[in-house]
Each structure stands twice: as structure tokens, then as C-alpha cells.
Number of protein chains: 2
Amino acid sequence: MNERASGRQADSEQQLRRATMRDVAALSGVSIKTVSRVINGVATVSDELRDRVHKAIAQLDFQPNLAASSLRRTDGATRQIALLLEDVANPFSATLSRAVENVAREHGTLVFAGSLDEDPRRELELVRAATLHRVDGIIIAPAAPDHGYLHREIRTGTPVVFVDRPPRGLAADAVLCTNTEGAREAVLHLADHGHTEIAFLGDEQTISTVSERVAGYRAALAERGLPERPGRVVRDLPSPETAARAVGALLDSEHPPTALFTAQNLVTIGAIHALQERGLHERIAVVGFDDFPMADLLVPRVSVVAQDVLEIGTLAVRRLFERIAGGGAEPREFRVPTTLIPRGSGEISPPA
Amino acid sequence: MNERASGRQADSEQQLRRATMRDVAALSGVSIKTVSRVINGVATVSDELRDRVHKAIAQLDFQPNLAASSLRRTDGATRQIALLLEDVANPFSATLSRAVENVAREHGTLVFAGSLDEDPRRELELVRAATLHRVDGIIIAPAAPDHGYLHREIRTGTPVVFVDRPPRGLAADAVLCTNTEGAREAVLHLADHGHTEIAFLGDEQTISTVSERVAGYRAALAERGLPERPGRVVRDLPSPETAARAVGALLDSEHPPTALFTAQNLVTIGAIHALQERGLHERIAVVGFDDFPMADLLVPRVSVVAQDVLEIGTLAVRRLFERIAGGGAEPREFRVPTTLIPRGSGEISPPA
DNA sequence: CTGTTAGCGCGTTCAA
DNA sequence: TTGAACGCGCTAACAG
């Protein structure tokens, strides 16, 4: 009765049964409910009983079963949230993950991390897995084109906060960066260093993100009275390799640009590769959207418009916990400002 | 009865109660147990009842409560594991995290990710949190100096697999890389390019990791009949800044090295910074332990001994699921081989 | 301040 | 093939 019929042990030792509240109650000679009170820090327990219970807990190494507890509890909180990102291995997602963990820790809650890989089906799967586990809330950098399906989760008490990309077909909180303003600032920066021939290179992850950045690019050109030449806006570059090829094509065109605004991380990296291969990395100006590790070790150092990823994550998770606590405010969109970091590549002048 | 007294809704709509098996049973006119059988794919249910149940499930959007289920089921599996890493935001941890997620997904289980920050107390906290949630298993890149406290968890049925660093004071599975052989190969590589004055720079995260790498360094020197000059082994470099200073000191010393073996990521980056500042990055050879993003965009490209992080993570998580399934084999240490990647910085010859 | 009863949502046991 | 009773570990509502 103190062991289980299982082959799980690593050696020949018997597998131990975990102590329950009943065991603690029996050992300390109180009722199970008194143990519960002690565990939950309810004040109405005499010092003597509390001591006895604590001793029994220590002796048995009792660890309360959180799942059983939240099953019974009125608020039903499970003290776990889900964080669904593009890919936990990329620096943006990884940093976001850390920010969320830091705040979740203050709330005594654990974080499920999952990768969507830009796959809407994967998004559905992971959201479903999260609700099966009855997470207290979800933070999501979405891949799906429509999020109406989340309405049901929100209505049944699982708040959802979007990061990086806004919800579609659903009213929900979102924490985004200032895509348009950031892109505009980058392109103005290039223009102010004398460039009139500036190309835009972007990926196609989310139409909203890319289109906001294109809008910023165009706004900057318009502000400086620069024309947008045909073929200067290249999108749909899913990898550094395709980005490198696109840069090659631009440079080989009739009117090659003298500056590049690369609207995403991997695109920036691909562009730098292409420029290095042609020996043009000291002649063509580059400003990238999103900072990346090592950007200040390259030659030239890479100027970027940086997102404050920690701030985005922190805002998102704080908002989520407000919702979990019962905040019934209207859904809101938060915008975290970007910062231009001049390091060298964006300050290259055009050829005289 | 179909709503809850809670302020959680985002707008003025009523909060919905989640459907339970009881609701499904009532709507489809069968017993709760039959619903349970359908959910769990037990064959002994007539087609007609199964259909009725499926319809009711769809109509009510019923999602079984995994926690309640595992509370009752014999194996007690919760379909969640914990992954405790140095810092989910660093590339090594992030890649490991992705490998674990990929395999966990095949097993229908979610992954809690947590950061230890080299803090033993944090390790205890997170392991405790994981057991409170009754995770099915734990993968850990440990920070604590002793892991005896985990013996109890393993005995109560929570298997633990170590990654990157071995357990101490505990017999448990571990997946590590070939630190000694990798370091040896790096230093032999430098020696074979003509270097006789090779310095070792390392951090101090784990004595075992660093000391294995030092052992490899010394083995290589011995094999080539090279003496180890005093002061050539520098450890305890926690950051790129301290590493950069250490490189400066070495270069200013009486017998400056002509090649550096940097035994950890951040140390490598700090060393490159220092060399760049002195304009020596094309003259002093460098081989780093651990690959890092952008290593092939720097000038010169950085030669490294790379760990196969995906393989380490995959092995670890596979082993964990074997344990969860009840594999009672002896604890084992797996070693994943490293790979030397020559890119330029390690092939610089010493001055004639 | 303490204990008793009931039941969260579900799987198991066993009888029909 | 189906269902009733029971209990997993815990907390809520009430009684004393």
C-alpha cells in the first residue's frame, strides 16, 4: 500500500507513493481540512496545530497537488499560462519568452512554450492543447489568418493577449511595436545621409507587419520628396538566401539602389551576405528592422531599428495577468516604440 | 447555472461555463462512462452511441479536462514535462528547447520552460514548481552543486534527465557533449597550423565542463610536445567584457600567444571584440567552443568546435520519454560528438 | 478555531 | 456493450 505496481524506478528500489493531505492529516492527528488551511495560509489555525502539520509535511515531504487543488477551487486557476511563438529558438521569440517568464514567476505560474512555425494548423493544435490543460491565459504571436475561433476560449474564461501581430476577426488585447514609425525613421535616416535611391526588402510573415513597414517606407520617401521607383519594394523573402538573391538582382538592375532598408532580421542577414560577396558592404548603406546578436561585431557594424522586445513581452504578460485577475476593460492595442541604433552601415554616404 | 459570477469577460457578455462530460452525456442520452469511452477511443462502444456522443461533443465544444483525467487515471500522466535551462533566451538553451518541443509534440505533451540563471536556489524553486504541477518528467541543465535532492523525485516517479552538465551526488541519465575531445581537436588544429603559443580562455559556469575542456587543451599540447606556459590558462570569465580584458592582458604579456582557444561562447565574442579593437583580428588565430549565430559573417569568419545542440536535446527528451514509459535501465551517460568547423579565424598562421 | 459533508471532472471497478 | 458506484486529491460551505 506504500508502493505502486510500476516499473518506473531507475534501479531496484521500490517506487514510493507520494504523500497526500490525508497522510499529513493522519500523521499530525488533525483533519484533512486543517492541513488544507495550513497549506493555504489561512490564519484561523492555532499555532500548535500549525506546527504539528508543518512537521508532518516536512517528515513526509508532502507536496500539494496543484491540479487537484485547482480542480476544486472556485477561481479554477491552474497557475500555468501558454506562450505560443513563431519559434522558441529564434532570438525574438526567445527574448519574449524570457520576459514572460520573469513576470510569470512573480505570480507563481509556469509557462508552456510552443512554436507555431507560421503554420495555422499548428496554432490550432497548440491552443487546443493549452485549453485541455486549462491554462489561465494565453500569449500568442499568431500564425493564423483569422482568430475568431478564440472568441470561445475568451468567453469561457481563458484570456488571450496578442504580441507582435494583431488579432484578426476578434477583439483582444495586443502588444505591437511601432512598425510604421520605425520604418519611416530608418528611411528618413538613410535619406538624410544623402540617399535618394533606397530599396525596401521584406518578408511576408504577416501582411499587417510588412504592410505597416512598407507604409513607413513610403511615408518617408514622400516626406523627402523622393520618388518610389518600380521594383524597389521587394517582399516575400522567407530566408536569408532569397533575400541575398533579391539584393543581387537589385544591384544588377538598371538603377541600382545606394541604400537598403531591410524590414526583417533574416532579410538583413541575407542582404549583408550578398553585399559582402560582392565587396560592397562598405559602399551600400543598410538599415535593418530588428536588432540581432553580433550586429556590432560585423564590419561595418549594422545600424538597425530595434524593437524593445523585453518591454513588449513584459507589457503583454502584465496585461494577461490583469485579465486573469478579472479586469474587464475593453480590449486595447499597445504600441511599444522602436529605437534607431546607428552603428555604421546606415551612415554610409552614396557615391559622389 | 450556465454562467459564473466572475468579472473575467472582456466585454459585457456573460461568461460561459465549460461543458463537462456530464453535459455531453445528458445531451446525447448516454452515461458519463460511455462518453469517457468515446473520448479515450475504447472500442467497445456501438457505432450509434459513438455518433451521438461525437455530435454532442461538437455541439457543446466539449474539451476534456486533462488535469481531472490524470488525477483519476492509473498512470497519473499529466502530459507535461519541465525543461529547466540556464536561460531560455540564450541560443544554446533556445535550440535545446526547440528540440525538446519537437519530440514532446509527438507524445502529445506540453513543455514548461524555465531559466535557472546559474542560481541553485532558482533550481530548487523551479523543480519544486514542476513537481507541484506533477510533470511527467524533467530535463535539466543544472545550476546546483549537488543534486541529491532529486533522488526523492525520481523515486516518486518523476524521471530526470540532465543535459550539458552531469548530475552530482545522484545517479541519473545525462546527455553531454565530448568536451575533452572537442577541445583537444581545436587545439590540435591550431598547433597543426604552426602555433606553439596557444592560450586557453574559459568561463566558470560548471567546473566539470570547463575542466574537461582544459583537459582537452592540455592533452593536445602534450601530444604535440608543446609546453604549457604559466598564465596561459585563464578561467572564470563570466562575460564578454572580462574576456576582452583577459585577452588584452595576454597580448600585453611578455610572451603573447599567437592563437586563442576560447572555451565558451561569450568568451569567444569578448575575445573577438578585443582583437578587433587592437586591429589584430587578422593576425591572431581563434577557435571557439560552441557555434554562434553570425559566426560566418564576421571578418575573419570564426572557426569553432560546434556542439550538436539539436541532437543533445533530442537524445535527452527521447530518453526522458523512455523513462516515463517505464524503462528501468541503469542510468547512462550519453556523449554527443562535436564538430570542428574551419571558417578562417582558426587557420591564421603565426607570424614568421 | 476545527471538523464534517459534499463535490470539482473524470477513470476504474464491477455488475448487469 | 453499457452503467452505477466509488474515489483520485483537494477545497467550499457549513456545522459545531
Are any of Thr44(A)'s side-chain N or O atoms less than 4.0 Å away from OP1 or OP2 of dC1(C)?
no
Is Thr34(B) near enough to dG3(D) that one of its side-chain N or O atoms lies under 4.0 angstrom from OP1 or OP2?
yes
Keeping the roles fixed (side chain from Asn40(B), backbone from Arg37(B)), state whether a donor-acceptor pair exists under 3.5 Å.
no
Check this for me: does any side-chain nitrogen of one of Arg128(A) and Glu125(A) sit under 4.0 Å from a carboxylate oxygen of the other?
no
Rounded interatomic separation in angstrom, taking CG from Asn40(A) and P from dC10(D)
10 Å
Any salt bridge linking Glu106(B) with Arg318(B)? Criterion: basic side-chain nitrogen under 4.0 Å from a carboxylate oxygen.
yes
Check whether any side-chain N or O of Glu101(A) sits under 3.5 Å from a backbone N or O of Ser115(B) as a donor-acceptor pair, and report yes or no.
yes
Using atom NZ of Lys33(A) as one end and atom P of dA13(D) as the other, report the distance to the nearest whole Å.
10 Å
Whole Å only: how far is the CG atom of Leu60(B) from the C1' atom of dG9(C)?
15 Å
Asn65(B) has its side chain closest, among dG9(C), dA4(D), dG11(C), to dG9(C)
Can you tell me if Ser36(B) touches the phosphate of dG11(C), counting only side-chain N or O atoms and a distance under 4.0 Å to OP1 or OP2?
yes
Check for a donor-acceptor pair, side chain of Thr158(A) on one end and backbone N or O of Gly137(A) on the other, with a separation under 3.5 Å.
no
For dT11(D), does either OP1 or OP2 sit under 4.0 Å from a side-chain N or O belonging to Thr74(A)?
no
note: Arg50(B), atom CZ; dT2(D), atom P; distance rounded to Å ~ 9 Å
Can a salt bridge be assigned to the pair Arg152(B) and Asp61(A) using a cut-off of 4.0 Å between side-chain N and carboxylate O?
yes
Check every strand shown and say whether Ile39(A) touches a base, only sugar-phosphate, or nothing at a heavy-atom separation below 4.0 Å.
nothing
Check this for me: does the side-chain of Arg37(B) come within 3.5 Å of the base of dG3(D) through a donor and an acceptor?
yes
In whole angstroms, how far is the C1' atom of dT12(C) from the CE atom of Met21(B)?
12 Å
Nearest-angstrom distance from the residue atom CD1 of Ile32(A) to P of dG3(C):
12 Å
Leu132(B) CG - dG9(D) P separation (whole Å):
15 Å
Produce the list of close N/O pairs, under 3.5 Å, pairing protein atoms with atoms of nucleotides 6-8 of chain C; give distances to one decimal.
unit_1	atom_1	unit_2	atom_2	d
dG7(C)	N2	Arg72(A)	NE	2.1
dG7(C)	N3	Arg72(A)	NE	2.6

With side chain to side chain donor-acceptor pair (under 3.5 Å) as the rule and sequence neighbours excluded, what pairs involving residues 160-175 of chain A come up?
Glu118(A)-Arg165(A), Arg165(A)-Gln205(A), Arg165(A)-Thr206(A), Asp173(A)-Arg319(A), Asp173(A)-Arg323(A)
When the distance from CZ of Arg52(B) to P of dT1(D) is rounded to whole Å, what number comes out?
16 Å
Mind checking Ser69(A) for me? I need base, sugar-phosphate or nothing, with any heavy atom below 4.0 Å counting as a touch.
sugar-phosphate
